[in-house]
Amino acid sequence: MKAFTYERAQSPAQAAAAIARNPDAKFIAGGTNLLDLMKLEIETPAHLVDVNGLGLDKIEQTPEGGLRIGALVRNTDLAADQQVRRDYSLLSRALLAGASGQLRNKATTAGNLLQRTRCPYFYDTNQPCNKRQPGSGCGAIGGFSRLHAVIGNSDACIATHPSDMAVAMRALDASVETVKADGATRKIPIADFYRLPGDTPQRETTLQRGELITAVTLPAPTGGTHIYYKVRDRASYAFALISVGAIVQPDGNGRVAVGGVAHMPWRIEEAEREMPRGAKAVTARLFRGARTTHENAFKLTLVERTLASVLAQARSMTS
């Protein structure tokens, strides 16, 4: 790990300004992803801005009947919150499917959304990776691609996003609240928060330089049956081969977001119109235009079968 300087921010705007004026600075909160990347010298910030003391660790109701989750709310506390468990159980289920108890105790809401890919070519500094070193190439293309993206990928990158929580947030139509260095704030629908890789896979979100996430807001509860299935190579402490987060209403309609298949949580609202027709119809629309390899084409069938199980479980719970 390379040497770095450190400061504790006194306000969200001050933290944003500190990052904006220093191109080699990074925010740090739980550090569960950043510190690992620093040890491997994948991330080499010269300066860290600690945002833990900014009071962004509360879960509050919004005037519209939804929920405002502070950026620094730990994953353990969010999963255990009574209102989350009652009205947004998809989120609680997704959080409990991720990482380990020790990591959830440290990991934050904002950090979970911003964690970087677990692509082995990204983590191996001897391999080319456009995400780590733009213009160097993508070792995964033509390499071992079993874990990689099957939709939304590009000739520059086939990495997937690792977050379970982000899949639930996408299905719940969350919004991300931020503050910029000049104190200006904005609210970004999560549908617009992540970027597909295109020719610039190193740019993973629509955040601007120095922009700090302050909260994630959820709209009023929609009801329905909330289910999160995560399929992985081992039962714990493993990232998803695929995951399916669904909210199924009594009439068979609902929402579906998929993880482990793209550079972002994957949701196509048009596909959800097919839910009463079954998993095959939904999956066909979700993966229209898919670009698979011989090693990861199985993910399409795996999503279809997992979604079929989700829909069958939802029917059994409402019958």
Side-chain angles (χ1 to χ4, degrees), residues 65-67 78-98 150-152 160-161 163-174 189-191 218-236 238-262 264-290 292 296-319:
L67 212 58
L78 183 57
D81 183 84
Q82 289 300 311
Q83 187 170 353
V84 172
R85 293 178 64 188
R86 183 183 69 243
D87 296 332
Y88 306 96
S89 61
L90 175 59
L91 177 57
S92 183
R93 293 169 188 269
L95 284 164
L96 292 174
V150 296
I151 191 75
T160 59
H161 195 273
S163 172
D164 293 289
M165 186 187 80
V167 176
M169 292 293 194
R170 181 68 180 90
L172 291 165
D173 282 330
I190 198 164
L218 299 174
T222 63
T225 301
H226 292 218
I227 300 174
Y228 188 78
Y229 274 5
K230 180 177 181 179
V231 183
R232 44 191 163 177
D233 283 330
R234 59 181 186 271
S236 66
F239 295 96
L241 284 172
I242 65 98
S243 62
V244 174
I247 303 171
V248 186
Q249 301 297 341
D251 63 1
N253 288 292
R255 304 176 184 177
V256 175
V258 184
V261 298
M264 59 173 69
W266 194 251
R267 180 183 174 198
I268 303 294
E269 282 82 344
E270 181 183 329
E272 294 166 358
R273 300 172 192 163
E274 305 290 341
M275 286 181 68
R277 296 180 55 205
K280 188 177 185 67
V282 176
T283 305
R285 178 60 192 90
L286 271 173
F287 294 105
R288 187 178 296 170
T292 64
N296 66 21
F298 74 93
K299 287 191 175 188
L300 305 185
T301 302
L302 190 56
V303 169
E304 181 183 328
R305 292 177 178 175
T306 303
L307 179 56
S309 295
V310 167
L311 297 178
Q313 181 179 346
R315 285 194 298 272
S316 71
M317 294 173 69
T318 56
S319 60

For a quick check under 3.5 Å, do Tyr229 and Gln313 share a side-chain donor-acceptor pair by atom type? yes
Sorted by chain and residue number, the side-chain contact (heavy atoms from CB on, under 4.5 Å) partners of Arg305 (sequence neighbours excluded) come out as Thr301
Over 12 foreign heavy atoms within 6.0 Å of CZ, Arg85: no
Please answer whether the main-chain N or O of Arg315 pairs with a side-chain N or O of Thr318 as donor and acceptor at a distance below 3.5 Å. yes
Working to the nearest 0.5 angstrom, can you tell me the gap between Thr225 OG1 and Ile247 CD1? 10.0 Å
Closest non-hydrogen contact found for Pro219 with Asp173 is CD-O, 3.5 Å
Verify, without hydrogens or angle tests, whether Arg267 (side chain) and Arg170 (backbone) share a donor-acceptor contact under 3.5 angstrom. yes
Under 4.5 Å between any side-chain heavy atoms of Leu90 and Ile227, yes or no? no
Which heavy atom in Arg232 sits nearest to a heavy atom in Ser236, and how many Å separate them? NH1-CA, 4.0 Å
Please walk me through it: do Met169 and Leu218 pass side chain to side chain contact (heavy atoms under 4.5 Å, CB included)? CA-CA 8 Å; Met169 292 293 194; Leu218 299 174; 3.7 Å; yes
Between Met275 and Val248, is any pair of side-chain heavy atoms under 4.5 Å apart? yes
Lys230: partners by salt bridge (Lys or Arg N to Asp or Glu O under 4.0 Å), with sequence neighbours left out: Asp164
Going through the distances and angles, do His226 and Asp87 end up as a side chain to side chain contact (heavy atoms under 4.5 Å, CB included)? CA-CA 9 Å; His226 292 218; Asp87 296 332; over 6 Å; no
Just jot down the ring pair (Phe, Tyr, Trp, His ring centres under 6.0 Å) partners of His161, sequence neighbours excluded, or say none. Tyr194
List the atom of Ser163, the atom of Ala166, and the distance in Å for their closest heavy-atom pair. OG-N, 2.9 Å
Test Val261 against Val303 for side chain to side chain contact (heavy atoms under 4.5 Å, CB included), laying out the working first. CA-CA 9 Å; Val261 298; Val303 169; 4.2 Å; yes
Taken in chain and number order and not counting sequence neighbours, the residues that satisfy side chain to side chain donor-acceptor pair (under 3.5 Å) with Arg277 are Glu274
So how far is it from Ser92 OG to Gln82 CD, rounded to the nearest 0.5 Å? 9.5 Å
As a quick check of understanding, evaluate side chain to side chain contact (heavy atoms under 4.5 Å, CB included) for Phe298 and Leu241, giving each step before the final call. CA-CA 10 Å; Phe298 74 93; Leu241 284 172; 4.2 Å; yes
Closest non-hydrogen contact found for Ala246 with Val256 is CB-CG2, 4.3 Å
Which residues share a side-chain contact (heavy atoms from CB on, under 4.5 Å) with Val231, sequence neighbours left out: Ile242, Leu302, Thr306
For the pair Arg255 and Glu269, find out whether any cationic side-chain nitrogen is under 4.0 Å from an anionic carboxylate oxygen. no
Show me the donor-acceptor pairs, under 3.5 Å and distance only, between side chains in residues 280-287 and residues at least two apart or in other chains.
{"unit_1": "Thr283", "atom_1": "OG1", "unit_2": "Ala279", "atom_2": "O", "d": "2.8"}
{"unit_1": "Arg285", "atom_1": "NE", "unit_2": "Glu270", "atom_2": "OE2", "d": "3.1"}
{"unit_1": "Arg285", "atom_1": "NH2", "unit_2": "Glu270", "atom_2": "OE1", "d": "3.4"}

Could you measure the distance from the CG atom of Leu172 to the CG atom of Leu67? Nearest 0.5 Å is fine. 10.5 Å
Could you measure the distance from the CG atom of Asp233 to the CZ atom of Phe239? Nearest 0.5 Å is fine. 12.5 Å
Kindly give the heavy-atom pair with the smallest separation between Leu91 and Ala168, and that separation in Å. CA-CB, 3.7 Å
Which atoms form the tightest heavy-atom contact between Gly66 and Tyr88, and what is the distance? CA-OH, 3.6 Å
